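Scroll down for the structure; my scribbles are underneath it.
The model shown is predicted, which means the values in this text are computed figures rather than measured ones. Both ligands and their constituent atoms are indexed starting at 1 by order of listing.
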Amino acid sequence: MNRRSFFASAAALGAAAALPVRSASASSPRRWDRTTDVLIVGAGLAGLTAGVTALRAGAKVMLIDKRAWFGGDGVLSAGQFYSARTPLHDAAGITQHVEVEDYWKQIESGVDDEPLSKVRDNLRLSVIYSGVNKHNPEVLHRSAEYSPRVVAFVQSYGIKFRRMNPAKPFQCPTENGSMSKFAEGMVSEIERRGGKILPLTRASEIVMDGGRAVGVIARPVSGGSPVAIRARSIVIATGGFLNNKAMMKRYKRFWSGIQTGFTAVGDGVPTDHTGDGIVMGRRAGAAIEDMESMPKLYAGPRKGTPGVSWIMFDVDTAFLVTKAGRRITNEHESRYSGCALKLLSTHNEVGYAVFDEKTFRGPNRDRWQFDKALAGHGLFKADTPEELAAKVGVDPKGLRETIDRINRDGKTGRDTEFGRTDPLFRAMTPPYYITAANWPLAYKTEGGLEVNPDFQALRASDDAPIPGLYAAGSTCGSISTRLCDVVASGLIVGRIASAAR
Ligand SMILES: Cc1cc2nc3c(=O)[nH]c(=O)nc-3n(C[C@H](O)[C@H](O)[C@H](O)COP(=O)(O)OP(=O)(O)OC[C@H]3O[C@@H](n4cnc5c(N)ncnc54)[C@H](O)[C@@H]3O)c2cc1C
């Protein structure tokens, strides 16, 4: 039984479906207020990319967004892309094992934390494996193939990438603040090319006619009459459902209770991720997938305390300790998300990153904003483990033992506790640094509308593409909700949707 037929039978048993599936969500209105070739619902990075691409292909394009601003979560993001070989790799001398198929192997092997949920969940060792072949890997593979094009597209807006780090040969981090510039660049291009982009306009229904999506009903957020927009192609790019309590409870169970945020507890992420596109799509008869997978985790300090991003475990020598001063995982392999998960699974309420002067003064000092954190009590410095522990209420004996062990192991390059073998594993030299307490948080969901490799939404009843209906970005359950996949989906769907008749 494949994943799609699983959903169909589970829905029949009332086990998995949260929303009723109807073949049509609204009958065709008698009068259309606006008409366009391609209508994009949601002007996050997926929607904006789709808009630019469709315009470049010669289509008449309209975008609507319920917010007053464009760019969605992308403009708040850390701006880290992933890609197979690009000129950035060549510039950093990373030329071995970085072609598309190497990148894909990494995704499939599940050694990095993000895309693995899409492929790894098919594996028996997965925490959510249920004997169901969950994903069509072709969609994610297509996105992986597009990754170098995504980087080139981003660069075409004048965005600068940081020098790559061989420790993570597929990570392509942009400079701080780049994603607002990227979104602004796309909005300007859309306007320059004659696209319409309407803020504060919320879509509520997809209009179906004879099994085809033919338009959308939207309303100004401030109230007022509904607007019926007719389009040949409709791209749903409305993001995830982290703030839809009913959907979170229904699909994510345990995870629905987790705190949300990014830069700090309850901070950094807008609270209107209500899964509108997934709800609308379901009403129009679309299939969903991956709804039950774990939301993406992060960890952040209390609101108002400047944080030090745990993304640093990717590229800097740093260690995660608990209140007992103990390590709990291989930080480099687990990455920020796996570290947050480990805290939860070991029933540790909080964790702390520990590092030394060499890391503090290293090439990423500005990227992680160490100085700001130090000045704002998000980071503390001391000459001994005991003094360091006292600053944040960590057990001094535990921290002393942990640091002594790291320093012993670091000399031989063999992590006797968690088996780290990466080049970032080394002894530390004082003074030492420790962050303020960080709590595990969820900041985005995976799961949503099921699409084929052309990002056409699939019908729940027979897996056929729904004519006229597409999904892009984190509204799709078929890709991971990373910037690289979100932008790739926009590049692909913009071209396909503009060519559709
Ligand atoms: C703080 C933070 C940091 C991140 N850092 C990274 C990173 O470094 N690397 C990485 O790969 N990923 C990162 N991510 C994830 C990544 O930014 C997102 O997954 C991605 O930006 C999602 O883009 P999207 O266009 O699919 O959705 P969104 O950005 O959520 O955009 C959806 C848009 O649709 C609009 N919308 C919703 N409902 C409606 C409706 N009914 N009608 C009209 N409009 C609607 C919303 O207002 C929004 O503008 C981060 C996310 C966060 C929150």
Any N/O of [X] closer than 3.5 Å to an N/O of ligand 1?
X    : value
G473 : no
D272 : no
S474 : yes
Y82  : no
D276 : yes
G79  : yes
T475 : no
Q80  : yes
L45  : yes

Distance filter under 4.0 Å to [X] heavy atoms, resulting ligand 1 atoms:
X    : result
L76  : 1 (C)
A46  : 25 (O), 26 (O)
R482 : 11 (O)
A237 : 32 (C), 33 (C), 34 (O)
V41  : 42 (N), 43 (C)

Considering G261, S77, G71, which one's heavy-atom position lies nearest to atom 4 (C) of ligand 1? S77
For atom 12 (N) of ligand 1, tell me which residue out of T201, L483, T238 has the closest non-hydrogen atom. L483
I'd like to know if the side chain of S256 and the backbone of K252 have a donor-acceptor N/O pair within less than 3.5 Å.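 Between the backbone of K252 and the side chain of S256 there is no qualifying donor-acceptor contact (under 3.5 Å).
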Counting only N and O atoms by type, is there a donor-acceptor contact under 3.5 Å from the side chain of S77 to the main-chain atoms of G79? yes
Checking S478 against E450: is there a side-chain donor and acceptor pair closer than 3.5 Å?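 There is no such pair (donor and acceptor under 3.5 Å, judged by atom type) between the side chains of E450 and S478.
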Compute whether any side-chain donor of one residue and acceptor of the other, for R142 and N452, lie under 3.5 angstrom apart.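 Per modelled atom types, R142 and N452 side chains form no pair under 3.5 Å.
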Measure the spacing between [atom1] of [X] and [atom2] of [Y] and express it to the nearest 0.5 Å.
X    : Y    : atom1 : atom2 : result
T305 : L379 : OG1   : CG    : 12.0 Å
N165 : C172 : CG    : SG    : 11.5 Å
L39  : R34  : CG    : CZ    : 10.5 Å

For ligand 1, is any non-hydrogen atom under 4.0 Å from [X]'s backbone (N, CA, C, O), its side chain (CB onward), both, or neither?
X    : answer
K296 : neither
P270 : neither
V486 : side chain
D73  : both

With under 30° as parallel and over 60° as perpendicular, where do the rings of Y157 and F153 fit, or are they tilted in between?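 Rings of Y157 and F153: perpendicular, over 60°.
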Parallel, tilted or perpendicular, judged at 30° and 60°: which one describes the rings of F161 and F81?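 Aromatic pair F161/F81 classed perpendicular.
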Can the ring centres of Y336 and Y298 be said to be less than 6.0 Å apart? yes
Strictly by salt bridge (charged side-chain N to carboxylate O under 4.0 Å, His left out), give each pair with a member in residues 220-234 just once, sequence neighbours left out. D37-R232
F70: partners by ring-ring contact (aromatic ring centres under 6.0 Å, His included), with sequence neighbours left out: none
